[in-house]
Amino acid sequence: MAQSVPPGDIQTQPNAKIVFNAPYDDKHTYHIKVINSSSRRIGYGIKTTNMKRLGVDPPCGVLDPKEAVLLAVSCDAFAFGQEDTNNDRITVEWTNTPDGAAKQFRREWFQGDGMVRRKNLPIEYNP
């Protein structure tokens, strides 16, 4: 049963944070790479602390071992300095897919009692 084995590691490029640069009067898009470094197929989902300002495409998916995906992280225009950006971050959640499951993302993988791992990527806004 895949759920009893903790999910392996992922890598993200960049590894620690995402940086957006001013001006913020237009939409910015930054690409990050998520790599499944484990030996099992995983399902991943991306969460953000600010749905209004930040978007991720694709927001979820399935990665085979050693497979990578490029995600577009977009930041909509906003009034820099007038809005709180301190807690902005993107969280990658991932879990092992059940044995024999099709390579199609299913939200219920994250709702059972299987182990879900998380990696936070804070967002930095340069003036």
Side-chain angles (χ1 to χ4, degrees):
M1 178 84 182
Q3 302 305 336
S4 59
V5 179
D9 290 335
I10 61 163
Q11 291 173 288
T12 59
Q13 295 171 348
N15 181 46
K17 65 184 178 184
I18 296 169
V19 179
F20 286 109
N21 295 308
Y24 296 104
D25 52 4
D26 205 358
K27 182 175 186 169
H28 289 282
T29 302
Y30 189 103
H31 290 90
I32 64 169
K33 192 181 221 177
V34 176
I35 304 146
N36 176 7
S37 346
S38 77
S39 59
R40 289 180 163 274
R41 182 183 279 176
I42 60 167
Y44 72 88
I46 312 293
K47 291 186 170 174
T48 164
T49 52
N50 191 320
M51 304 289 286
K52 188 172 55 126
R53 182 165 40 239
L54 300 166
V56 182
D57 185 50
C60 59
V62 177
L63 289 174
D64 281 323
K66 313 297 178 243
E67 190 181 3
V69 64
L70 206 57
L71 305 176
V73 180
S74 57
C75 170
D76 282 333
F78 70 102
F80 182 74
Q82 296 170 27
E83 292 185 35
D84 181 17
T85 58
N86 291 331
N87 297 321
D88 283 13
R89 70 175 179 272
I90 282 174
T91 303
V92 183
E93 295 189 334
W94 72 99
T95 188
N96 292 329
T97 62
D99 290 333
K103 191 175 176 180
Q104 183 177 359
F105 179 83
R106 300 188 70 88
R107 178 61 56 201
E108 60 255 30
W109 293 338
F110 292 86
Q111 293 158 348
D113 51 11
M115 194 170 150
V116 175
R117 291 188 57 193
R118 289 175 182 82
K119 178 172 184 175
N120 288 321
L121 292 171
I123 295 182
E124 204 172 273
Y125 298 93
N126 285 332

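Looking only at distances, a side-chain donor or acceptor of Lys66 sits under 3.5 Å from a matching main-chain atom of Ser37. In this structure, Arg89 contributes its side chain and Thr49 its backbone to no donor-acceptor pair below 3.5 Å.
Grouping Ile, Leu, Val, Met, Phe, Trp and Tyr by side-chain contacts under 4.5 Å, direct or through others, puts Val56 with Ile10, Ile18, Phe20, Tyr24, Tyr30, Ile32, Val34, Ile42, Tyr44, Ile46, Leu54, Leu63, Val69, Leu71, Val73, Phe78, Phe80, Ile90, Val92, Trp94, Leu121, Ile123, Tyr125.
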Worked check of side chain to side chain contact (heavy atoms under 4.5 Å, CB included) between Thr97 and Gln104: CA-CA 10 Å; Thr97 62; Gln104 183 177 359; over 6 Å; no
Evaluation steps, side-chain hydrogen bond (donor to acceptor under 3.5 Å, both in side chains), between Asn36 and Ser38: CA-CA 6 Å; Asn36 176 7; Ser38 77; 2.7 Å; yes
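Applying the 6.0 Å contact sphere to NZ of Lys103 captures more than 12 heavy atoms from other residues, nucleotides or ligands.
For Phe105 against Cys60, the heavy-atom pair with the smallest separation is CD2-SG, 3.5 Å. Taking both residues in full, the closest heavy atoms of Pro58 and Leu70 are given as CD-O, 3.9 Å, listed atom of the first, atom of the second, then distance. Ala16 and Pro122 make their closest contact through O-CD, 3.1 Å (heavy atoms, listed as atom of the first residue, atom of the second, distance). Summarising the geometry of Ala101 relative to Trp109, their closest heavy-atom pair is CB-CZ2, 4.1 Å, with the distance given to 0.1 Å.
Under 4.0 Å is where a charged nitrogen must lie from a carboxylate oxygen, and between Lys119 and Asp9 no such pair does. Look at Arg41 and Asp64 and you find a salt bridge, because one of the NZ, NE, NH1 or NH2 atoms lies within 4.0 Å of a carboxylate O, short of that distance.
The shortest side-chain heavy-atom distance between Met115 and Pro7 falls under the 4.5 Å cut-off.
Here His28 contributes atom NE2 and Ser74 contributes atom OG; the two are 11.0 Å apart, rounded to the nearest 0.5 Å. Taken from CZ in Arg40 to CG in Asn96, the straight-line distance is 5.5 Å, to the nearest 0.5 Å. Put simply, CD1 on Ile35 and NZ on Lys33 are 5.5 Å apart, with the number rounded to the nearest 0.5 Å.
Evaluation of the salt bridge (charged side-chain N to carboxylate O under 4.0 Å, His left out) rule for Arg107 yields no partner, not counting sequence neighbours. A search for salt bridge (charged side-chain N to carboxylate O under 4.0 Å, His left out) contacts involving Lys17 returns Glu124, not counting sequence neighbours.
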